[in-house]
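Heads up, the thing below is written out as structure tokens.
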Amino acid sequence: DTAVEIRNAMNRAAITMLNTGGVDASPLDNTISSASGLKLTVIRANSFNKVSEVEKALRNITGVDNVTIGDYNSNSRIATINVATRLSAQELVVNIRNIKLPKLEVVEVSSREIKLAMR
């Protein structure tokens with residue numbers, strides 16, 4: 001029945017929107033994306049430019065869909081970065097450890113949050 005097929009397609013689209021934080025899947029993609037959000041806290045962030053370098057490096061990781069700088073405080077030298085990714089936190093950490101510049105040290109990892117320190 002056509003009405004059932006349309007309703008099922010709309011349900012799949014709604015689930016995709018929920019799973020991707022509002023980012024629509026490509027029209028030819030029949031699978032549901034499993035992108036999720038991870039919070040990265042960066043300590044010892046000496047400047048906003050350095051935080052921007054981290055953002056750029058994260059964007060180049062395969063499986064990372066979106067990266068946004070949430071906050072940066074120059075007094076405390078702490079930044080938060082939001083990452084939408086299909087990778088688990090542990091898989092993302094493996095990729096972060098391979099970043100040459102800026103130099104980052106992984107301090108803590110949980111399923112939804114990663115704490116990094118700039119070196």
Side-chain angles (χ1 to χ4, degrees):
D1 177 294
T2 304
V4 172
E5 289 175 7
I6 291 171
R7 186 176 65 237
N8 289 342
M10 290 176 68
N11 286 340
R12 283 192 305 273
I15 291 168
T16 299
M17 293 293 283
L18 289 171
N19 285 339
T20 62
V23 178
D24 217 356
S26 96
L28 300 177
D29 186 1
N30 291 327
T31 62
I32 296 173
S33 173
S34 59
S36 63
L38 293 174
K39 176 184 171 188
L40 273 63
T41 302
V42 183
I43 62 173
R44 289 189 243 145
N46 292 326
S47 70
F48 187 80
N49 285 343
K50 290 289 185 188
V51 177
S52 295
E53 288 177 22
V54 174
E55 176 191 26
K56 184 177 179 181
L58 291 168
R59 285 183 186 278
N60 289 325
I61 295 174
T62 302
V64 171
D65 299 324
N66 194 25
V67 181
T68 56
I69 298 172
D71 296 303
Y72 172 68
N73 184 314
S74 60
N75 292 328
S76 64
R77 301 185 318 156
I78 297 175
T80 56
I81 300 175
N82 302 305
V83 180
T85 180
R86 295 176 302 256
L87 303 173
S88 69
Q90 290 75 17
E91 291 169 324
L92 185 58
V93 163
V94 169
N95 284 278
I96 289 171
R97 286 185 172 140
N98 291 328
I99 295 173
K100 302 284 188 236
L101 290 174
K103 293 183 184 261
L104 300 167
E105 175 186 348
V106 177
V107 178
E108 293 176 21
V109 182
S110 72
S111 62
R112 292 274 182 217
E113 201 165 334
I114 299 170
K115 186 174 184 180
L116 306 171
M118 296 193 87
R119 296 190 272 154

Completion exercise
Residue pairs meeting side chain to side chain donor-acceptor pair (under 3.5 Å), one or both in residues 37-53, sequence neighbours left out, come to N46-R77

Handout entry: Heavy-atom pair of closest approach, residues A79 and Y72
Key = CB-CD1, 3.9 Å

Problem - Considering all heavy atoms, the nearest S110-A89 contact - result: O-CB, 3.1 Å

Problem - F48-L58 co-clustered via ILVMFWY side chain contacts under 4.5 Å - result: yes

Problem - Nearest-0.5 Å distance that lies between atom CD1 in I43 and atom CD in E108 - result: 8.5 Å

Exercise for the section: Find the distance between CG (D65) and OG1 (T85) and round it off to the nearest 0.5 Å. Expected result: 6.0 Å

Practice task
Could you check if a side-chain atom of L92 sits within less than 4.5 angstrom of a side-chain atom of V64, using non-hydrogen atoms only?
Solution key: yes

Problem - Close side-chain approach of L40 to I96, heavy-atom, < 4.5 Å - result: yes

Fill in the blank from the handout: Residues passing the side chain to side chain donor-acceptor pair (under 3.5 Å) test with S74, sequence neighbours excluded, are none

Got a list of side-chain donor-acceptor pairs under 3.5 Å for residues 98-107, not counting sequence neighbours?
residue	atom	partner	partner atom	Å
N98	ND2	V94	O	3.3

Throw together a table of side-chain donor-acceptor distances under 3.5 angstrom for residues 111-118, partners on residues two or more places apart or in other chains.
none

Problem - Residues in salt bridge (Lys or Arg N to Asp or Glu O under 4.0 Å) contact with R59, at least two apart in sequence or another chain - result: E55

Problem - side-chain contact (heavy atoms from CB on, under 4.5 Å) against S76, all qualifying residues, sequence neighbours excluded - result: N73, I78

Handout entry: Evaluation steps, side-chain contact (heavy atoms from CB on, under 4.5 Å), between V42 and V51
Key = CA-CA 8 Å; V42 183; V51 177; 5.6 Å; no

